[in-house]
Q: 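Below is one structure. I have some questions about it.
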Amino acid sequence: MSLIKRTWTPHEADEWTKEDWIAIIISPFSYVLIGIGLAMSLFLLPLGFLLLGIGIVITVIMFYVIDPKLKAISEGYEKKQREYLKELDKIQRWEEK
Amino acid sequence: MDLTSHVQFTPLDYFWTFAYLVLMIGCGAIFYRMGKRSGSDFFLAGRGLPWWLPATSNFATHTATDTPIWFSGLVYKHGLFGIWYSFFAGWCAISAWVSTRIFRRSLAGTQAEWQTLRFSGLGAELMRGWLAGWQVAMCMFIAGWVGIAMGKVCGFAFGWPLWVGLVLFSTLCCLYVIAAGYWGVIIADVQQGITMLIVIILVSVWVGIKVGGPAKIVQVLDPQMLNPFRTSGLFSGEYSVLWLITMIAVPFLGGFGMATHFDWFVEAQRIQSAKNVRDASYSIWGGTLAVIVRNSIWALAVLGVYVIAEHSTSTSLIAAKREDMAWFIAGFKFFPVGMVGFFFAAILAIHISTIAGILNLGSMYATRDLYHHYINPGASEKQVVWIGRMTTVVVLLGSFFFGMMIGEDIVEWLLFALWFMTAGTWVPNILQVIWWRFNAWGYLASWIANLGICWLVVWILPAYGMMENWEKHQQFWLLIFLIALIYIPVTLLTKPDDMDRLVKLYVQTRPIGFWGPVKREAERRGLLKALDEIDKKAERAAEKEEI
């Protein structure tokens with residue numbers, strides 16, 4: 001079994017798994033490293049280039065991990081969306097409750 | 001060179017300004033036919049947008065007229081440390097993968113609508129009504145402070161009275177929002193977002209050249225100004241570690257919840273307008289990345305102006321108390337003749353994109369959650385669109401009232417409205433997503449208690465000498481603690497929400513966190529298995545179609 005699961009059925013993708021947690025943990029670091037790294041790089045500070053570089057690398061990793069799962073969730077959910085929207089329309093109307 | 005004198009426009013500058021105004025309003029209004037098709041089109045562009053459209057809109061809406069004022073003041077005072085303040089947008093980092101996914105799957109058009117999906121009974125209805133009313137008022141308030149920021153910029157640049165900038169451009173913007181609703185907002189946002197990003201980059205490059213390059217700035221500035229990691233101790237001083245943690249942890253962790261920041265309400269509309277969960281997540285993540293990159297680019301321009309103003313000319317912006325105008329000075333004073341009009345056009349893009357989004361958002365809450373839900377549930381699509389148009393005008397008029405009330409104290413009001421008026425609800429906003437047992441009564445109690453207590457802690461008790469005037473982050477944590485003393489007992493002493501409602505929400509949205517009893521009930525009813533069967537059936541049907 002590979003460390004990162006890249007093939008998902010919609011049903012499997014509905015569960016919260018380690019792939020979600022990897023994205024959740026990397027994502028804030030990605031913003032901070034890119035934001036601070038870019039600002040310092042614009043002043044040609046060497047630390048800035050290092051932080052920016054790490055930020056870009058971890059961002060690529062994050063998307064590599066989360067994208068297959070999001071695709072599976074979206075495909076699975078789009079099939080059910082029409083049914084849910086009908087249901088929602090009923091809830092929307094206060095008088096029908 | 002006097003950096004604070006008024007701007008002189010040439011005919012070419014007037015041309016840029018007028019041409020751009022026509023382009024922006026025309027670009028939005030041209031989608032008139034699509035906007036009027038249904039309520040879903042007027043407020044959500046039919047829920048079918050690819051991720052890059054709401055992402056650009058996210059960036060354009062969150063680049064408001066007050067943003068460079070606020071950000072210039074911070075970077076001018078704190079140097080690169082000031083960038084940390086801008087990470088309030090960081091809630092999107094976690095939200096993109098958590099609450100955005102859950103909210104998109106709920107299909108709720110607004111955060112108020114989410115209340116009647118998440119909670120049940122009278123408590124849910126009270127929460128929906130409360131949040132809808134609150135958001136209509138907040139949209140007026142925000143459009144007011146963004147409008148008054150435009151008044152301030154126009155006063156600084158042209159010497160106009162404050163109200164002219166407030167009223168003139170917001171009214172012009174309102175024209176295309178009335179005509180095309182969210183379709184107009186989103187399409188104009190793309191064009192405005194691209195324009196403002198180009199100008200933001202150009203201004204930084206121009207100032208960088210003017211000052212003699214980044215190396216020159218590094219050479220002249222105090223090294224501490226270029227150190228984003230400076231500290232003044234653990235708990236005290238301007239750069240305390242506690243303050244840094246508050247600034248970083250609060251927004252980022254807020255991404256597990258919904259409505260932890262005012263921007264959530266704006267993003268909720270973009271999330272639901274995306275065509276699926278993946279596009280919703282990417283629009284939130286990508287749009288916010290653009291906001292963060294923008295701040296870094298702005299910092300170069302602001303510190304470039306700092307070097308020029310404080311080291312090379314006789315006009316000290318600190319002495320003139322104009323440091324918050326640093327970015328505007330960069331464009332107005334350093335761009336060549338003819339380009340100044342283009343810079344002003346970009347300011348209009350910055351202003352109009354935010355106002356348009358906020359007007360449509362306020363109108364959405366007034367129409368979908370108040371009119372359609374409570375007043376006329378049988379309303380036709382045509383009626384919904386017309387009420388949407390009328391309430392857009394109401395939000396605009398309300399913004400003028402709030403704008404004139406705020407005056408020039410933008411930052412003080414902004415801090416209070418965005419930070420303290422929601423501080424005590426920060427944890428409940430997360431609990432509503434991650435804990436099944438948290439109910440509508442606990443949530444309602446936290447909102448009401450916070451609104452009362454925040455005024456006491458921030459304004460009233462310190463004014464009468466009954467309490468020390470604490471640092472902002474200390475007041476924030478105090479509010480979180482005090483409000484928890486109210487909503488936790490209220491939640492535990494009242495019944496959980498109806499299990500039928502919770503199971504339905506669980507099956508549809510699959511929330512993260514502590515939902516064990518609800519999951520077990522859904523399994524007992526065979527609902528998760530049934531969904532799996534639906535998935536498999538749909539897959540088989542798709543395969544057959546392909547063959």
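Values reported hereafter were calculated over all heavy atoms of this structure, with side chains retained and with hydrogens, waters and symmetry mates removed. Throughout, a chain's letter reflects where its sequence line sits, starting with A, and its residues are numbered from 1.
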Q: Just give me the residue among B:Leu303, B:Ile512, B:Asn227, B:Ile83 that pairs up with chain A most often, heavy atom to heavy atom, under 4.5 Å.
A: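 Ranked by contacts with chain A, first place is B:Ile512.
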Q: Answer with yes or no whether the side chains of A:Ser74 and B:Lys275 bring together a donor and an acceptor at under 3.5 Å.
A: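 There is no such pair between these side chains.
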Q: Select one option (side chain, backbone, both, neither) describing which atoms of B:Val218 are under 4.5 Å from chain A's heavy atoms.
A: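 The side chain, not the backbone.
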Q: So what's closer than 4.5 Å to chain A heavy atoms on B:Ile248: side chain, backbone, both or neither?
A: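 It is neither, since no heavy atom gets under 4.5 Å.
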Q: Applying ring pair (Phe, Tyr, Trp, His ring centres under 6.0 Å), which residue pairs with at least one partner in residues 27-50 of chain A are found, sequence neighbours left out?
A: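 Qualifying pairs: A:Tyr31-B:Trp285.
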Q: Going by distance alone, is a donor N or O of one side chain under 3.5 Å from an acceptor N or O of the other, for B:Arg128 and B:His373?
A: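 Their side chains do contain a donor-acceptor pair, which is all the 3.5 Å distance test asks for.
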Q: Test A:Ile24 against B:Phe256 for side chain to side chain contact (heavy atoms under 4.5 Å, CB included), laying out the working first.
A: CA-CA 9 Å; A:Ile24 288 167; B:Phe256 282 103; 3.8 Å; yes
Q: What residue in B:Ala215, B:Pro214, B:Gly213 has the most heavy-atom pairs under 4.5 Å with chain A?
A: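 If we count pairs closer than 4.5 Å to chain A, B:Pro214 comes out on top.
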Q: Non-hydrogen atoms of chain A under 4.5 Å away: do they reach the side chain of B:Lys216, the backbone, both or neither?
A: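 Contact with chain A is absent: no heavy atom of B:Lys216 under 4.5 Å.
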Q: Given 3.5 Å as the limit, does a donor-acceptor pair link the side chain of A:Thr9 with the main chain of A:Glu12, or not?
A: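 Yes: the side chain of A:Thr9 pairs with the backbone of A:Glu12.
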Q: Quick one: what part of A:Ile26 sits under 4.5 Å from any heavy atom of chain B, side chain, backbone, both or neither?
A: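 Neither part.
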Q: Assess the pair B:Phe229 and B:Phe81: is the distance between their ring centroids shorter than 6.0 Å?
A: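 No, ring centres 6.0 Å or more apart.
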Q: Please determine whether a side-chain nitrogen of the Lys or Arg among A:Arg6 and A:Asp67 lies less than 4.0 Å from a carboxylate oxygen of the Asp or Glu.
A: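 Salt bridge absent between A:Arg6 and A:Asp67.
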Q: Sort A:Ile22 into side chain, backbone, both or neither according to what part of it lies under 4.5 angstrom from a heavy atom of chain B.
A: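 Neither part.
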Q: In terms of heavy-atom proximity below 4.5 Å to chain A, should B:Leu226 be classed as side chain, backbone, both, or neither?
A: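 It is both, since atoms from each part get that close.
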Q: For B:Ser106 and B:Thr509, does a side-chain donor sit closer than 3.5 Å to a side-chain acceptor?
A: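 Note: B:Ser106 and B:Thr509 side chains miss the donor-acceptor criterion.
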Q: Against chain A, label B:Leu300 side chain, backbone, both or neither, depending on which of its atoms sit under 4.5 Å from a heavy atom there.
A: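 Both the backbone and the side chain of B:Leu300 come within 4.5 Å of chain A.
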Q: Please classify the contact of B:Arg101 with chain A as side chain, backbone, both or neither, using a heavy-atom distance under 4.5 Å.
A: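 Contact with chain A: side chain only.
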Q: With a 4.5 angstrom heavy-atom cut-off, which part of B:Ser204 approaches chain A: side chain, backbone, both or neither?
A: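 No part of B:Ser204 comes within 4.5 Å of chain A.
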Q: Say whether A:Glu19 and A:Thr17, considering side chains only, have a donor N or O and an acceptor N or O under 3.5 Å apart.
A: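 Judged by distance alone, the side chains do pair up.
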Q: For a quick check under 3.5 Å, do B:Tyr85 and B:Asn295 share a side-chain donor-acceptor pair by atom type?
A: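 There is no such pair (donor and acceptor under 3.5 Å, judged by atom type) between the side chains of B:Tyr85 and B:Asn295.
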Q: Counting only heavy atoms closer than 4.5 Å, note whether A:Ile73 contacts chain B via side chain, backbone, both or neither.
A: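 Looking at A:Ile73, just its side chain touches chain B.
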Q: Check whether A:Ser30 gets within reach of chain B through its side chain, its backbone, both or neither, counting any heavy atom under 4.5 Å.
A: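 A:Ser30 touches chain B through side-chain heavy atoms alone.
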Q: Where does A:Leu47 contact chain B at under 4.5 Å (heavy atoms): side chain, backbone, both or neither?
A: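 Just its side chain gets close to chain B.
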Q: Shorter than 4.5 Å, heavy atoms on both sides: which option in A:Ala39, A:Pro28, A:Gly48, A:Ala23 has the most such pairs with chain B?
A: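 Answer, by heavy-atom pair count under 4.5 Å with chain B: A:Pro28.
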